[in-house]
Amino acid sequence: MHRWYGGGGAIALALTLLAGVGHAQTPALEKARKALDAGEPQQAVEALKGATDPAGRAELAEAQMAAGLADEALKTAQAAAGQTPSAAASRALALVHAGRFEYGDAQAAIDAGLQRSPNDGGLLAAKGRILWQRRHTKSAIEALTAASKNRDARVAGEAQYWLGRLYMFRGWQSEGAYPGWHEEVDMRPLALAAFRAAAQARPSWYAPRLGLATALQLDGNARDALPAFDAALDRAPNMTAARAGRWRALKALNRTAEIETEVAAAAKSSDVRMLAAAREGYDLLGKTADAQALAARISQEFPASPAAAMLAAAKIQAARRANQHADVIPQAEAFIAAHRFAPQLTDVYEALVAAYQATPSAPVEKAAAAIEGNVKHLVNPAGYFAGAAQLQARRAPALLDRSIQLAEQGQAASETFVKENLGSYKLEGKSNNSIARGRSQAADLIGWAHFLKGDLAQAEARLSEAERLTNGGDQTNRFHMGELARAQGRLDQAREHYLVVLTFPGGAAPMKEAARKALAEVHTKLGNEAAEFDKYLTAELDRRREERRTQMLQSMVGKTAPELKLPDMNGQQVDLKAERGNVVLLNFFASW
Amino acid sequence: LPLIQKAHEQLRNDPKVKFILVSVDDDPKRLQAYVDERKFAFPVLRTTREWAAQHFGIDDTPITFYIDANGVIQYQTRGGSVFGESTERVIWYLNELKQIPTAP
């Protein structure tokens, strides 16, 4: 499973600053917006405290959300939306819901707002941001591009900034975050241009400067990144990501002495954001003990802060990587209780689900709750299928219908995901393959749930659909087909399925063991001596593996390459023989 | 192919390493569009599936042969990125091949 944002929590947190829209500005509103542009949502909340006008309330809700006051934010946004239905109120409500991972409600608020004011820039910008949060790339670009043409510079700047974030992800991070993705178009210049446009449209806002700096840093251009980080710090001096980013750039430029002085000063700050930066700085300097001491201080003195959430999430990920499932479970559950709307929840839930999967003795209901919690927060549809499979593995009849529901949601989510990200798959065949994979996984899971429920007709329909979609090449599906055939008394077919399962390399050990046992039973039922089974199986598998091997090894290895003399696409003759003396990579492909 | 392209970017200044692609596409228009889009910095040849099967024993694409300086195929890999191939692997193969001395 994969994280939805590859850039590290600090940036994700620091950049979730909100912007507002509106026309008539009260002094309080103006003050609040200045504070938001400077990355000080707390001050914005202070400035707007007690606001009763619709615009003030809407802005207050966004500021509260940015300040981590999710419950107050929801109340304020609902009050604003109930008072006078306005675009600003719908926008605030949608953003608050999205920040709380309540995507259905967020969507509804956007839809309601756009129905009244279809061209409202603030609404379109919020729509784009929320869609991007869910990696609905294509629709996000559409909405953000529309918003970026808004006459209100504040709105246009916000939209440009989020376009920058989107292109930054696709330009530098997506291929690492989603295996199988390939960006055909270079998004990097687009990202830089969007951040620059955003900085121009909203000169006092730190976020586009920080975005630009981060992108330049990702590009390995520390020399230009450094002044960009400083430009962000001019506007938001306490921003962790900007501060730590400056030090990273300095380190790349071998200016370690400056880092040492600045980190030591930051470590004396009373602002938790500076302390978090100093911790990163110590890490950067290799001063592990100092970094750990600061981390402990942050967790103790500022337990509810985003910095504490980030540290706790990092600890959980470390435990997960070390396969310490017994540690992951209590830590992750404590995290979920303490940081209900932290952006790291996506990763924490994934870790929790994995830990429960590795702990079959854990209570079924708790594991199921973790799976369903994960689904609510995740972006990558793979989590639906993994969750459905895990529910089925628990063998609790009550969970089967829930697993079917998850698989169905997963299929829908996977189709949306592929269609929304076609630009990253590009080749039609590849994306069709991905869609087919989602469908086959859903069909297999649903069919298997029906089998476990005893509905063999439904099971047959869905399981064989999955077999068709995978050309019989999916091991788990073949095992399920074997179980079905055995239950229906089609013993010859069952035997074939089981043999295929056992011939494939890899596969889960329990499943292979089950296939072996079932095959032994079928073997006897077909009139063979039980005592002869092991001999039969060994001989049969050897024969099949040998067959596969000869097929695979119709290999040319060790032979001299055949003659190859063909024209290339420009009509020029290429002769392989002429390359003697050189090492040659020769690839045969089809552009499917 | 993306990873072959990436490997090539890293090895393009090595005159002793050559990359050749052979397409077995049926539809030349589609291939042209693909090649235009990808802008490969090495030759792309065309042949038929039948020819590839007859001469190189290819029943499925993609397939990559790694040929040493003596013209001997040393490695053969099937499949694309799905099967754990990586740019590093491609480069590793090529570097291994470079260790093989040329026959007199």
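Note that this is a predicted model, so its numbers are computed, not measured. Residue numbers start from 1 in every chain, and the chains themselves are labelled A, B, ... in the order their sequence lines are given, proteins ahead of strands.
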Any side-chain heavy-atom pair from [X] and [Y] closer than 4.5 angstrom?
X: B:Ile67; Y: A:Leu586; result: yes
X: B:Phe56; Y: A:Leu564; result: yes
X: B:Val90; Y: A:Leu585; result: yes

How close do A:Val583 and B:Lys98 get, heavy atom to heavy atom, and via which atoms?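 Minimum heavy-atom separation between A:Val583 and B:Lys98: CG2-CG, 3.8 Å.
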Region of [X] in contact with chain A, defined by heavy-atom distances below 4.5 Å:
X: B:Lys39; result: neither
X: B:Tyr75; result: backbone
X: B:Val35; result: side chain
X: B:Ile4; result: side chain

Counting heavy-atom pairs under 4.5 Å to chain A, which of B:Leu21, B:Leu94, B:Val17 comes out on top? B:Leu21
Residue, of B:Asp68, B:Asp14, B:Val44, B:Val24, that accumulates the most heavy atom pairs under 4.5 Å with chain A: B:Val44
Please lay out, stage by stage, how A:Leu576 and B:Ile20 fare under the test side chain to side chain contact (heavy atoms under 4.5 Å, CB included). CA-CA 9 Å; A:Leu576 186 59; B:Ile20 300 173; 4.1 Å; yes
From A:Asn587 atom CG to B:Thr64 atom OG1, the distance as rounded to the nearest 0.5 Å: 4.0 Å
Nearest 0.5 Å, please: how far is CG in A:Asn582 from NZ in B:Lys16? 5.0 Å
Is it the side chain or the backbone of A:Glu563 that comes within 4.5 Å of chain B heavy atoms, both, or neither?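 For A:Glu563, backbone heavy atoms alone lie under 4.5 Å from chain B.
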In terms of heavy-atom pairs under 4.5 Å with chain B, which of A:Val574, A:Val584, A:Thr560 leads?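 The option with the most such pairs is A:Val584.
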Parallel, tilted or perpendicular, judged at 30° and 60°: which one describes the rings of B:Phe65 and A:Phe588?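 B:Phe65 vs A:Phe588 ring planes: perpendicular.
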